[in-house]
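To find a chain, count down the sequence lines: A is the first, B the second, and so on, and within it residues start at 1.
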2 protein chains.
Amino acid sequence: MISNEKPLRALLGERGIKPTYQRLAILAEVLDRRSHPAIKDLHFGLKTKVPTLSKTTLYSTLELFARHGLVRTLRIDPVEARYDGWTAPHHHFHCERCGAILDLNLACPTGRRGCIDGHEIREVHGYFRGVCRSCLAGAASSASPKRGAARAALVKHPSRRYQHA
Amino acid sequence: MISNEKPLRALLGERGIKPTYQRLAILAEVLDRRSHPAIKDLHFGLKTKVPTLSKTTLYSTLELFARHGLVRTLRIDPVEARYDGWTAPHHHFHCERCGAILDLNLACPTGRRGCIDGHEIREVHGYFRGVCRSCLAGAASSASPKRGAARAALVKHPSRRYQHA
DNA sequence: TTTTCATTTGAAATCATTTCAATTTGGATT
DNA sequence: AATCCAAATTGAAATGATTTCAAATGAAAA
């Protein structure tokens, strides 16, 4: 019952990852989302399709995927890891008001690899922080996120932490 | 008993921050370190000078400093926040072996401010991850850090998490 | 001195992440 | 189909950074 199952199986197969039901579902979910979901968002989103799915499996599976370049782990949110199914080089913006993480179109050496100062570069992240367009437009009100440098409120499709009750 | 106290007082004074003994000590410590210490490192490093210093004070004080541009909060280490007393725009490299965070000399728009795609940019971070020069040189052995994507061992001046017992 | 207000403190709570042992699964073999 | 085995999954417990909170302290003003 996983939509688009064929190409997903292929994606895993190419990397020698056994295509279990959970893995296919997780991969489908993370590739389908543009909002850079956190573990708990994926857990919530998958609970209908895979009711028994544990967070432990989510953690280990996403680490597996990241290791094989299927997803990127974003550490821009101080509270929790966010996952990105779009692996082409691009930058990210984190709104400190609503917590949304947005893709940025910006020429930059995110694709840069090789060595710098003798260090072997394996990942490059351009992290921009500030207040997003919607929040600037006065979009929403206040209700402070509990942790991190972020302040005020919600809007959009952010990590659940930033949403109203 | 805080070395270099005068200029530190000035730094705080300019920003209207009351120069308490704790704040002066914390500021001195964070400015003096090149290793991007975590809270626990600062706590450890200050315990002689300020034996009663609580982590709560460290957290709140560093947040205060960050808000006033005296330090930068780095989120490149998945486990804990690291603090940087060097506020000029520059990039960072995180070694996934030993956990060290190193400054990179690299022309890049870390200084970029203003708006992108309508979002107001307040901070820019260039995060590079990989294996540092020392670790590549076969520097140290193995003893896995407990969390994060990082694997193997220690070396250098990393967050205590990555050090041998 | 007394009042007042900000700062500091330590203990407890929160919560993402990791660890771990037990269970389940699915493929291979009989 | 039944059995076996290694890998995958699970849930519960542990870990540890960070936050919350109320009480204690300190320092300046009245």
Round to the nearest Å and state the distance from [X] atom [atom1] to [N] atom [atom2].
{"X": "Glu80(A)", "N": "dT19(D)", "atom1": "CD", "atom2": "P", "answer": "13 Å"}
{"X": "Leu53(B)", "N": "dG10(C)", "atom1": "CG", "atom2": "P", "answer": "9 Å"}
{"X": "Leu58(A)", "N": "dA16(C)", "atom1": "CG", "atom2": "C1'", "answer": "13 Å"}
{"X": "Arg82(B)", "N": "dT18(D)", "atom1": "CZ", "atom2": "C1'", "answer": "16 Å"}
{"X": "Lys55(B)", "N": "dA13(C)", "atom1": "NZ", "atom2": "P", "answer": "18 Å"}
{"X": "Tyr59(B)", "N": "dA17(D)", "atom1": "OH", "atom2": "P", "answer": "7 Å"}
{"X": "Lys40(A)", "N": "dC15(C)", "atom1": "NZ", "atom2": "P", "answer": "10 Å"}
{"X": "Asp41(A)", "N": "dA16(C)", "atom1": "CG", "atom2": "P", "answer": "10 Å"}

Checklist outcome for this item: Test salt bridge (charged side-chain N to carboxylate O under 4.0 Å, His left out), reference Arg82(B), set Asp77(B), Asp103(B), Asp41(B), output is Asp77(B)
Item to check | Leu102(B) side chain near Asp117(A) side chain, heavy-atom distance below 4.5 Å | outcome: no
Checklist entry - Does anything in residues 22-31 of chain B reach DNA chain C, meaning a heavy atom under 4.0 Å, and if so which residues? => result Gln22(B), Arg23(B)
Checklist entry - Would you say a side-chain N or O of Thr20(B) is under 4.0 Å from OP1 or OP2 of dT8(C)? => result yes
Checklist entry - Taking only N and O in the side chain of Arg75(B), is any of them less than 4.0 Å away from OP1 or OP2 of dA17(D)? => result no
Checklist entry - Per the atom types in the model, does the base of dG11(D) pair as donor or acceptor with the side chain of Thr56(A) at under 3.5 Å? => result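 Pair found.
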Item to check | Closest nucleotide among dT17(C), dA17(D), dT10(D) to the Ala81(A) side chain | outcome: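 Nearest nucleotide to the side chain: dT17(C).
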Item to check | Minimum-distance pair of heavy atoms, taken over all atoms of Pro37(B) and Leu42(B) | outcome: CG-CD2, 3.5 Å
Checklist entry - Can you find a side-chain donor-acceptor pair between His92(B) and His94(B) that sits under 3.5 Å? => result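 Note: His92(B) and His94(B) side chains miss the donor-acceptor criterion.
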Checklist entry - Between the side chains of His125(B) and Arg129(A), is a donor N or O closer than 3.5 angstrom to an acceptor N or O? => result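 No, no side-chain donor-acceptor contact under 3.5 Å.
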Next on the checklist: Using a heavy-atom cut-off of 4.0 Å across all strands, would you classify Thr52(A) as base, sugar-phosphate, or nothing?
Outcome noted: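 The residue Thr52(A) makes sugar-phosphate contact but no base contact.
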Checklist entry - Knowing that exactly one of Leu46(B), Leu70(B), Val71(B) qualifies, which makes a side-chain contact (heavy atoms from CB on, under 4.5 Å) with Ile26(B)? => result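 Exactly one pass, corresponding to Leu46(B).
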Checklist entry - Below 4.0 angstrom, N of the basic side chain to O of the carboxylate: do Lys40(B) and Glu80(B) qualify? => result yes
